[in-house]
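Along the sequence shown, the residues carry numbers beginning at 1.
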Amino acid sequence: MHWSMRSSLGLIGTVLALASAGCGGSSDTSLSPTGVWMGEDSTNGLNIVGLVDANGAADFLRADGAQFVGQGNQMGNSVSFPVQGVTQFGSAFGSSGPTYGSGTFNADISGGEGGSALAGTMTFTPNAGSAATWQWNMSFDLIYNSASSLATISGNYGDTATVVADGLDPLQGASVSISTGGVVSGQNPVNSCVLNGSVTVVNALHSIYQIAYTLQNCVDTATGSYSALNGVSFSGLAYRDPSYNPVLVMMGVTGEDGAGHHYGVVSQLSAN
């Protein structure tokens, strides 16, 4: 499991002012929440990877597989992320069984030009259950400053690692291909899921990508009712880490079916 694979980290080398479509607010601040962030939910000890792209779109991936997705709103050196939380497919928030909910991550950015620490409080309420408050502390990871392109992320990958503590990864065991045109395809011989989608570069200077895909042909197995995912359109963020051999791509996506059921999938691909 690679949730704590990067450590603390230094300062962002350039000013990363957010576009008005993303984290708006004061344009004269040099501190920004954009980046790849590594840290911990200190309330429960779970590691967190935070992805905030150049448009302010955010996906905080927790080691239990829960994702917290939203859009940042910056004011000075503070930022607020209203989020929707979605559990990993096959898991729930607590014993009451909810798989999604809503909340707000209010954080301060500190450290230096660009910002090297993102810390604050997440207040979250599942759609059935009690509100919870968690303290999140993260450090900026220099992997964000790696250049991105479709040629860079293209290749053949395998989803072989179990990277979340709870739930199921429908892609585990799958072979996945990313073309130089950004087409993503794959198939899982375990549950017959077929993946078709695309990957998009957000900012060529930084290693966060947008990813979207659908699953089809999934069948139920002894481990899970994967057929529920057929036809669900997933979207989210991913980052590529070339410091590992083989290269890793971690991605988090969420989606909703026609009946209003919410699903989240965190997967890690290893280059072949």
Do Val69 and Asp59 have side chains that approach each other closer than 4.5 Å (heavy atoms only, starting at C-beta)?
yes
Closer than 3.5 angstrom, by distance alone: can the side chain of Gln88 be matched with the main-chain N or O of Leu168 as a donor-acceptor pair?
yes
Grouping I, L, V, M, F, W and Y whenever their side-chain heavy atoms are under 4.5 Å apart, do Val265 and Val49 come out in a common cluster?
no
Does one hydrophobic cluster hold both Leu150 and Val184, with members joined at side-chain heavy-atom distances below 4.5 Å?
yes
To the nearest 0.5 Å, atom CE of Met251 lies from atom OG of Ser267 at 4.5 Å
Does Gln74 reach the main-chain N or O of Gly76 with its side chain, forming a donor-acceptor pair under 3.5 Å?
yes
Mark yes or no for whether Asp53, through its side chain, and Ala57, through its backbone, hold a donor-acceptor pair below 3.5 Å.
yes
Locate the shortest heavy-atom distance separating Asn137 from Ala119; write the atom from each residue and the value.
OD1-CB, 3.4 Å
To the nearest 0.5 Å, atom CG of Leu237 lies from atom OG1 of Thr254 at 9.5 Å
Using 0.5 Å steps for rounding, measure from the OG atom of Ser227 to the CG atom of Asn217.
11.5 Å
Do Asp159 and Asp169 have side chains that get closer than 4.5 Å, going by heavy atoms?
yes
Test Thr162 against Gln172 for side chain to side chain contact (heavy atoms under 4.5 Å, CB included), laying out the working first.
CA-CA 8 Å; Thr162 301; Gln172 189 166 1; 2.9 Å; yes
Answer with yes or no whether the hydrophobic clustering places Val163 together with Leu229; edges join I, L, V, M, F, W, Y residues whose side-chain heavy atoms lie under 4.5 Å apart.
no
Checking side-chain polar atoms at under 3.5 Å, does Asn106 have a donor or acceptor matched by the opposite partner on Thr121?
no
Is the shortest heavy-atom distance from the side chain of Gln84 to the side chain of Phe124 under 4.5 Å?
no
Aromatic ring proximity Phe89/Tyr226, centre distance under 6.0 Å:
yes
Okay, side chain of Asn230, backbone of Cys218: is any donor-acceptor separation there less than 3.5 Å?
yes
State the CG-OG distance between Asn188 and Ser175, to the nearest 0.5 angstrom.
8.5 Å
Nearest 0.5 Å, what's the CG-CD1 distance between Leu118 and Ile109?
6.5 Å
d(Cys193 SG, Leu171 CG) to nearest 0.5 Å is 7.0 Å
Between Glu40 and Ile48, is any pair of side-chain heavy atoms under 4.5 Å apart?
no
Please say yes or no: joined through hydrophobic side-chain contacts below 4.5 Å, possibly via intermediate residues, are Leu51 and Met138 part of one cluster?
yes
Under 3.5 Å donor-acceptor, Asp166 side chain and Ser91 backbone:
no
Parallel, tilted or perpendicular: which describes the rings of Phe93 and Phe68, with under 30° parallel and over 60° perpendicular?
tilted
Smallest heavy-atom separation, Ser270 atom then Pro246 atom, equals CB-CG, 4.1 Å
Run the side chain to side chain contact (heavy atoms under 4.5 Å, CB included) test on Asn55 and Val202 for me, step by step, so that the C-alpha distance in whole Å, both residues' side-chain angles and the decisive distance to 0.1 Å come before the verdict.
CA-CA 8 Å; Asn55 297 318; Val202 180; 4.0 Å; yes
Could you work out, with ring-ring contact (aromatic ring centres under 6.0 Å, His included) as the rule, every residue matching Phe60, not counting sequence neighbours?
Phe81, Phe105, Trp136
Would you say the side-chain atoms of Ser80 and Asn73 include a donor-acceptor pair closer than 3.5 Å?
no
Please name the residue in the list Asn156, Val176, Val247, Leu248 that meets the side chain to side chain contact (heavy atoms under 4.5 Å, CB included) test with Leu269.
Val176
Side-chain heavy atoms of Val36 within contact of Ile208, under 4.5 Å
yes
Distance only, no hydrogens: is a donor on one side chain within 3.5 Å (strictly under) of an acceptor on the other, for Thr214 and Asn196?
no
Check: Asp241/Ser243 side-chain N/O donor and acceptor closer than 3.5 Å
yes
Has His206 got a side-chain atom pairing as donor or acceptor with Tyr144's backbone, closer than 3.5 angstrom?
yes
Closest approach of Ile143 and Pro242, non-hydrogen atoms and distance?
CD1-CD, 3.3 Å
Audit row: Ile153, Val199, side chain to side chain contact (heavy atoms under 4.5 Å, CB included) steps and yes/no:
CA-CA 9 Å; Ile153 200 172; Val199 62; 4.3 Å; yes
Report the residues that fulfil side chain to side chain contact (heavy atoms under 4.5 Å, CB included) with Ser130, sequence neighbours left out, ordered by chain and then residue number.
none
In the structure I gave you, are the side-chain heavy atoms of Ser148 and Tyr209 within less than 4.5 Å of one another anywhere?
yes
Kindly say whether Phe234 contributes a backbone atom to a donor-acceptor pair with the side chain of Tyr263 at under 3.5 angstrom?
no
What is the minimum heavy-atom distance between Asn127 and Thr99, and which atoms define it?
OD1-N, 4.0 Å
If only atom types and distance count, is the side chain of Ser207 paired as donor or acceptor with the main-chain N or O of Arg240 below 3.5 Å?
yes
In terms of heavy-atom contacts, Ser116 and Gly111 come closest through OG-CA, 3.3 Å
Nearest non-hydrogen partners of Ala174 and Pro189, listed with the distance:
CA-CD, 4.5 Å
Please tell me whether Leu195 and Ile211 are part of a single hydrophobic cluster in this structure, the criterion being side-chain heavy atoms less than 4.5 Å apart.
yes
Give me the other members of the hydrophobic cluster that Val194 sits in, counting Ile, Leu, Val, Met, Phe, Trp and Tyr linked by side-chain heavy atoms under 4.5 Å, directly or via other members.
none
Side chains of Asp41 and Gln135, heavy atoms from C-beta outward: is any pair under 4.5 Å?
no
Given Ser154 and Ser179, is the side chain to side chain contact (heavy atoms under 4.5 Å, CB included) satisfied, shown in steps?
CA-CA 5 Å; Ser154 66; Ser179 77; 5.9 Å; no
Do Ser192 and Val219 have side chains that get closer than 4.5 Å, going by heavy atoms?
yes
So, does Asn191 use its side chain to make a donor-acceptor pair with the main chain of Pro170 at under 3.5 Å?
yes
